[in-house]
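Below is one structure, written out as structure tokens, with a few remarks after it.
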Amino acid sequence: MQMYLRPAIAGLLLSLCAMTATAESELGQFSRDEALAYSQAAIGNTVSGIELLAADGSPVQLEDYRGKPLVVSLIFTSCHHICPTTTRNLDEVVSKARDALDDDSFNVVTVGFDTANDSPARMRQFRKDNAVEDPRWDFLAGSEQQVEALVQQLGFIYTPSSRGFDHLIQASVLDADGRVYRQIYGIEFPTPHLIEPLKDLVFGRPREQSALDYLGNRIRLFCTVYDPATDRYYIDISVFIGTFVGVLVSIIFGWALIREWRRSLAAGKQ
């Protein structure tokens, strides 16, 4: 009897091993190249019709953030290393952006995409654990349907894996009308990768403003420069002064040429 059982047991064990290997293979089917192409293809998409939940459980429409640029990061709260590190690094760059572009010039939201676990309470705890104190940065949860709609519009792919989920480390920069303007990648990324598109959206895009505000924003667009030595932005008025002096010299030189040309014409007629 035992002679017949042993092959059967061995066959069952081999089947279980094959099933496990197949499951692991299916879990690991994440292509970084495909995810990156999908993410880039989302640039220009308008994010709309998304209702999420604030930390207190109240409904939040992403369209409520219209009128200013919006940075959207995606995390899952059961991630204990990558997502917290990414969030803390993003917090550092956002702080530098506030200094360079004014505190109230843009908003940030972090959304939990693991809808089975990322409740408003978990998102609130995630914020606390990572010491994010920016008052213009909200941590949001959502239903499976709403989160799926959001990640589709943002061009974000995530795949279940033995580590929880495989996904690109991605933050999306939306313009004031809710269109995806730029995708930022990486746990740590160079400061200009986030601040340059925000600077363009805050200072460089036409909107309702007085002529004086428009002029001031154009000056700040060109004079807000990055210093790699300090990893900070500062206003370098010398850029504007140099441009102004160059234009002034060109005008004076042009005026002098025209005056001499008129004198030569008048001398030729005599």
Side-chain angles (χ1 to χ4, degrees), residues 30-45 47 65 68-76 79 81-111 113 126-127 130-134 136-139 151 154-158 165-176 179-205 217-240:
F30 175 81
S31 168
R32 179 178 177 82
D33 290 340
E34 290 178 4
L36 183 60
Y38 184 68
S39 171
Q40 284 293 297
I43 293 176
N45 287 353
V47 177
Y65 295 93
K68 298 177 185 177
L70 177 67
V71 180
V72 182
S73 68
L74 295 151
I75 59 94
F76 63 103
C79 172
H81 176 62
I82 300 298
C83 292
T85 303
T86 300
T87 301
R88 288 193 291 270
N89 288 330
L90 180 60
D91 189 24
E92 290 182 9
V93 181
V94 165
S95 178
K96 295 170 187 175
R98 299 284 186 210
D99 291 340
L101 309 176
D102 298 332
D103 287 343
D104 198 33
S105 58
F106 66 96
N107 293 308
V108 185
V109 297
T110 290
V111 180
F113 63 80
F126 185 86
R127 176 189 188 123
N130 291 285
V132 177
E133 299 179 353
D134 189 324
R136 298 171 185 83
W137 185 339
D138 296 327
F139 284 71
V151 298
L154 291 177
F156 180 78
I157 294 176
Y158 61 96
F165 295 94
D166 285 337
H167 61 93
L168 292 179
I169 310 300
Q170 172 180 316
S172 301
V173 179
L174 278 56
D175 67 15
R179 286 187 295 268
V180 179
Y181 180 70
R182 191 73 57 85
Q183 307 282 31
I184 314 297
Y185 305 106
I187 299 173
E188 292 187 55
F189 52 83
T191 297
H193 284 196
L194 179 66
I195 298 184
E196 285 299 322
L198 284 175
K199 186 177 79 169
D200 184 32
L201 292 174
V202 172
F203 297 141
R205 292 303 179 93
N217 283 335
R218 298 304 293 180
I219 292 172
R220 292 189 66 178
L221 174 64
F222 294 110
C223 295
T224 302
V225 296
Y226 177 66
D227 179 12
T230 61
D231 193 29
R232 294 277 176 177
Y233 277 77
Y234 67 99
I235 295 177
D236 183 3
I237 197 67
S238 65
V239 176
F240 175 72

Check whether any side-chain heavy atom of [X] lies under 4.5 Å from a side-chain heavy atom of [Y], and answer yes or no.
{"X": "Phe126", "Y": "Thr87", "value": "yes"}
{"X": "Thr86", "Y": "Ile75", "value": "no"}
{"X": "Trp137", "Y": "Val109", "value": "no"}
{"X": "Val72", "Y": "Leu174", "value": "yes"}
{"X": "Phe139", "Y": "Val111", "value": "no"}
{"X": "Leu201", "Y": "Val173", "value": "yes"}
{"X": "Ser73", "Y": "Thr110", "value": "yes"}

Modelled atom types, side-chain donor and acceptor of Tyr185 and Ser39, under 3.5 Å: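 Tyr185 vs Ser39: donor-acceptor pair found between side chains.
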
Which atom of [X] lies closest to which atom of [Y], heavy atoms considered:
{"X": "Gln183", "Y": "Gln170", "result": "OE1-NE2, 3.4 Å"}
{"X": "Pro84", "Y": "Cys79", "result": "CD-O, 3.3 Å"}
{"X": "Ile169", "Y": "Ile187", "result": "CG2-N, 3.8 Å"}
{"X": "Phe156", "Y": "Leu74", "result": "CG-CD1, 3.4 Å"}

Distance (rounded to the nearest 0.5 Å) between Leu154 CG and Ile43 CD1: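 Interatomic distance, Leu154 CG to Ile43 CD1, rounded to 0.5 Å: 11.5 Å.
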
Spacing of CG belonging to Leu168 relative to CZ belonging to Arg32, to within rounding of 0.5 Å: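 The CG atom of Leu168 sits 5.5 Å away from the CZ atom of Arg32.
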
Residues Arg136, Asp104: salt bridge by 4.0 Å N-O rule: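 The answer is yes: the pair qualifies as a salt bridge.
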
salt_bridge(Asp134, Arg98) N-O dist < 4.0 Å: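 Answer for the salt bridge query: yes.
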
Phe113 and Phe165 aromatic ring geometry - parallel, tilted or perpendicular at 30°/60° bounds: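 Ring orientation, 0 to 90° scale: perpendicular.
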
Sequence-distant partners of Arg88, salt bridge (Lys or Arg N to Asp or Glu O under 4.0 Å), two or more places apart: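 Applying salt bridge (Lys or Arg N to Asp or Glu O under 4.0 Å) to Arg88 gives none.
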
